[in-house]
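Data block below; observations after.
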Number of protein chains: 2
Amino acid sequence: MASGTLLYAQSGGVTAVINASASAVITEARARKIKVLAARNGILGALREDLIDTSKESAAAIRALAHTPGGAFGSCRVKLKSLEADRAKYERLLAVLKAHDVRYFLYNGGNDSADTAWKVSQLAQAFDYPLTCIGVPKTVDNDLAVTDTCPGFGSAAKYTAVSVREAALDVAAMAETSTKVFVYEAMGRHAGWLAAAAGLAGQSPDDAPHIILFPERAYDETQFLAQVKKVVDRVGWCVVVASEGIQHADGRFVADAGGGKDSFGHTQLGGVASYLAGRVKDQLGLKVHWTLPDYLQRSARHIASKTDWEQAQAVGKAAVQFALKGQNAVMPVIVRTSDAPFRWKIEAAPLSKVANHEKKFPPGFIRKDGYGITDKARTYLQPLIRGEAYPPYGTDGLPKYVALKNVAVKKKLPAWEG
Amino acid sequence: MASGTLLYAQSGGVTAVINASASAVITEARARKIKVLAARNGILGALREDLIDTSKESAAAIRALAHTPGGAFGSCRVKLKSLEADRAKYERLLAVLKAHDVRYFLYNGGNDSADTAWKVSQLAQAFDYPLTCIGVPKTVDNDLAVTDTCPGFGSAAKYTAVSVREAALDVAAMAETSTKVFVYEAMGRHAGWLAAAAGLAGQSPDDAPHIILFPERAYDETQFLAQVKKVVDRVGWCVVVASEGIQHADGRFVADAGGGKDSFGHTQLGGVASYLAGRVKDQLGLKVHWTLPDYLQRSARHIASKTDWEQAQAVGKAAVQFALKGQNAVMPVIVRTSDAPFRWKIEAAPLSKVANHEKKFPPGFIRKDGYGITDKARTYLQPLIRGEAYPPYGTDGLPKYVALKNVAVKKKLPAWEG
């Protein structure tokens, strides 16, 4: 083994391909004789000195990791604050890294993780501890700055486009005597990336989805219902894709109206699709169905995009390469060099340019009427869902996803009191 | 062309593979030089004399039909009543069949469709019109009598098991700091078939799904919440699969409580998963997410079961063969001849034995505690989700589903006044 250990951790919402990045990190590090530890449950494991020895995993297990969704080492939703506010935590983190001779810290996550990795690198410099910090990009929300796209997004986008196309065929077949309006709720928080991806399911105005509701456009109920009616009158049925983050003009989230209390005073969990379906039913009197795929859309490894899968592995591999070259405080980002044919490469971007920035959904991606995507959006989105990357299946008809052994490393420090 | 035309129609909720049956019907009929018409929107098209000439479709289109979800000719939710009550409709149907020299009537649907086909055959005999009526089985609800399973069910079952396994990996990775309970709502009306299929996703008691709620067992909220708490305490997280049809001991549907009015007096569309998630949140204070896949589960051709796909084609092919042999008033059913290795064959069952009967979910499939499936259930269910039958994809990353031309046949009768 070469001197110096690499610590890898996963952070934030997991995706269908974050483990593909992990697999690539471990594979590349093994090829270069670098020992890889993983933190259990992201930064929490690093703070608790709850570390996993990945050398206990077979080569076959690490290969299988590349087609296994979820987060194999556990992830977490924990954000470290500023160096000043959370100094004790950053110092503890550094102490753990030192105790295990960690010289490379790879943090696989979104904006917050890039920020954490960046701050750890600053602190290490201040303490004169030789540490190379790398952010590895990941998020279905596709909102990381600098990079062309974020691993995880393409697969969720493919799931969305395929599911909408399939459900639309169902609705079309049944519309005369059954459901006329179908509402699909897409993830994406305040950005319309995944809702826009649904737009790839159709080409012409009569193809589903007929209406996309973006969080970037104020939700106007009267106009929306009129649009649904128009589509049903023309096509006979209507598929609506709504982003979970759509808001009224005054900033209220539509999803907030979609919940409340039922007649027993119980919490009523709603959401955007449930709300919109209710309005269509009440106001237009049309039979309506709706779906909330929720986690299914971000964990659907079975319908992963090959582009996304390859990019997830590429950023993992590059992260190790950058680390070993001592390229501190950077993130391997995806640079698109050509749309047609689709070409891309990996470059190193400074974490300072990624952390605390957000890639906004381009206004030019939304059609003038506000209810669909433009050709520019198609040009951007289409290559990201291209290609299939099926997991292997067992004779039981289920994907062969791997469960790692996750053998704990012996602790060297007192328990963390944080 | 041989004398006598074959009329094919689709009925009830469509599935991921009903078009595979249609493709097999047309392919087999073409091989035997039989002309195939299809009714647009099921029995409605037959009554309206709104017929489609399938000879206008290319061989490639008919091949592509086998991997296209939805109902290519349109389906409908229309049930003909008894011969007495709906005599005028049955006679009109017969008139349309006669006008187009239809000698073979193939009706692809569930219980009601089997009943309709059976009644049409009786009426034809009474009128001395030589007609062979065949029911072709189909339904994700898996509730047809006699047949081992119903085409459409296996693919929805595979979707369910795969989706639950994938979402569970997501929840497991995030549970410490995020969602601890995930609720998945499965279709199936009053029977637990699809909910049971989710059970295939796990093997050991700590694998997801940890709790399955069957409509065949009364929903006891206190017990359910205690069970969720127990699982979360032991495993750290909990995946619940609930059938849409679960009921309280007094027969009230749980789904009915899951909707109501929001604070604006708007209809609140709920459902079982939304309701259960609300209870978990209110009573246990655990972070919860839920999914309602709705039509996605029955239209997901991208994750179709190969077994299901092959069976869907086999019943279509056999239907034509039975018809040409003059086996009137039968349905090609699937007979399982061996569990391991899984073997099956097609036989002809009298429609009278299928119509108006319902295959019940076997009590022996539910674990003693009521929250999981037995080995007997696994033995039955497992082969049905076996094998993958991917559709071809375009370079755009989307499945290449076919849209038929559906050229109308010239009408010969006065418009239907029904």
Side-chain angles (χ1 to χ4, degrees), chain A residues 14 41 44 69-71 74-78 158 161-163 165-167 169-170 172-174 176-178 182 200 257 260 262-263 266-270 274 277-279 281-282 289-296 298-303 305 382 385-388 393 395-399 401, chain B residues 14 41 44 69-71 74-78 158 161-163 165-167 169-170 172-174 176-178 182 200 257 260 262-263 266-270 274 277-279 281-282 289-296 298-303 305 382 385-388 393 395-399 401:
Chain A
V14 294
N41 291 343
L44 282 178
S75 184
C76 68
R77 291 213 179 277
V78 173
K158 187 177 183 102
V162 171
S163 297
R165 176 170 283 191
E166 291 180 331
L169 289 170
D170 190 307
M174 306 291 301
E176 181 170 349
T177 55
S178 184
F182 184 69
L200 295 174
D262 68 15
S263 47
H266 297 156
T267 298
Q268 181 68 44
L269 299 173
S274 132
R279 302 310 290 143
K281 188 182 171 201
D282 280 356
H289 260 243
W290 55 283
T291 181
L292 175 69
D294 196 65
Y295 289 161
L296 304 193
R298 75 178 194 195
S299 61
R301 180 60 185 80
H302 74 270
I303 185 74
S305 145
Q382 204 280 314
I385 70 164
R386 204 175 286 165
E388 295 68 55
Y393 280 68
T395 52
D396 62 356
L398 287 161
Y401 295 143
Chain B
V14 294
N41 291 343
L44 281 179
S75 184
C76 69
R77 289 211 181 280
V78 173
K158 187 176 182 103
V162 171
S163 298
R165 177 170 282 190
E166 291 179 332
L169 289 171
D170 190 306
M174 305 292 299
E176 182 171 347
T177 54
S178 184
F182 183 69
L200 296 173
D262 68 13
S263 48
H266 296 156
T267 298
Q268 181 67 44
L269 300 174
S274 132
R279 301 310 290 142
K281 189 181 171 201
D282 280 355
H289 260 242
W290 55 284
T291 181
L292 175 70
D294 197 64
Y295 290 160
L296 304 192
R298 74 178 196 195
S299 61
R301 181 62 186 79
H302 74 270
I303 186 73
S305 146
Q382 203 280 315
I385 69 164
R386 204 176 285 165
E388 294 68 56
Y393 280 69
T395 51
D396 61 356
L398 287 161
Y401 295 143

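Side chains included, hydrogens not; waters and symmetry mates left out as well; all remaining heavy atoms used. The sequence lines fix the lettering, A, B, ..., with proteins before strands; numbering per chain opens at 1.
Pairing each heavy atom of A/Met174 with each of B/Val14, the nearest pair is SD-N, 3.8 Å. Looking at every heavy atom in both residues, A/Ala167 comes nearest to B/Leu296 through CB-CD2, 3.7 Å. Closest approach of A/Leu398 and B/Ala161 over heavy atoms only: CD2-CB, 3.7 Å. Here the closest heavy-atom approach between residue B/Arg301 and residue A/Glu166 is recorded as N-OE2, 3.2 Å. For B/Val162 against A/Gly397, the heavy-atom pair with the smallest separation is CG2-O, 4.4 Å. Listed here is the closest heavy atom pair of A/Thr177 and B/Leu44: CG2-CD1, 3.4 Å.
Interface remark: of the candidates A/Ala300, A/Gly387, A/Ala172, A/Ala300 forms the most heavy-atom pairs closer than 4.5 Å to chain B. Heavy-atom pairs under 4.5 Å with chain B peak, among A/Ser305, A/Ser299, A/Gly71, A/Pro399, at A/Ser299. Your options are B/Leu200, B/Asp396, B/Val78, and the one with the most heavy-atom pairs under 4.5 Å with chain A is B/Asp396.
When A/Glu388, A/Lys158, A/Arg165, A/His302 are each tested for a side chain to side chain donor-acceptor pair (under 3.5 Å) with B/His302, only one passes: A/His302.
Put simply, OH on B/Tyr393 and CD1 on A/Ile303 are 3.0 Å apart, with the number rounded to the nearest 0.5 Å. One distance of note links CG of B/Asp294 with NE2 of A/His289; it measures 5.0 Å at 0.5 Å rounding.
Looking at A/Ser178, the atoms closer than 4.5 Å to chain B (heavy atoms on both sides) all sit in the side chain, from C-beta outward. Both the backbone and the side chain of A/Asp170 come within contact range of chain B, each with at least one heavy atom under 4.5 Å from a heavy atom of that chain.
For A/Arg386, the side-chain hydrogen bond (donor to acceptor under 3.5 Å, both in side chains) partners at least two apart in sequence or on another chain are A/Gln382. Looking at residues two or more places apart in sequence or on another chain, you find a side chain to side chain contact (heavy atoms under 4.5 Å, CB included) between B/Leu169 and A/Thr68, A/Pro69, A/Tyr401.
A side-chain donor-acceptor contact under 3.5 Å links A/Thr291 to the backbone of B/Pro293.
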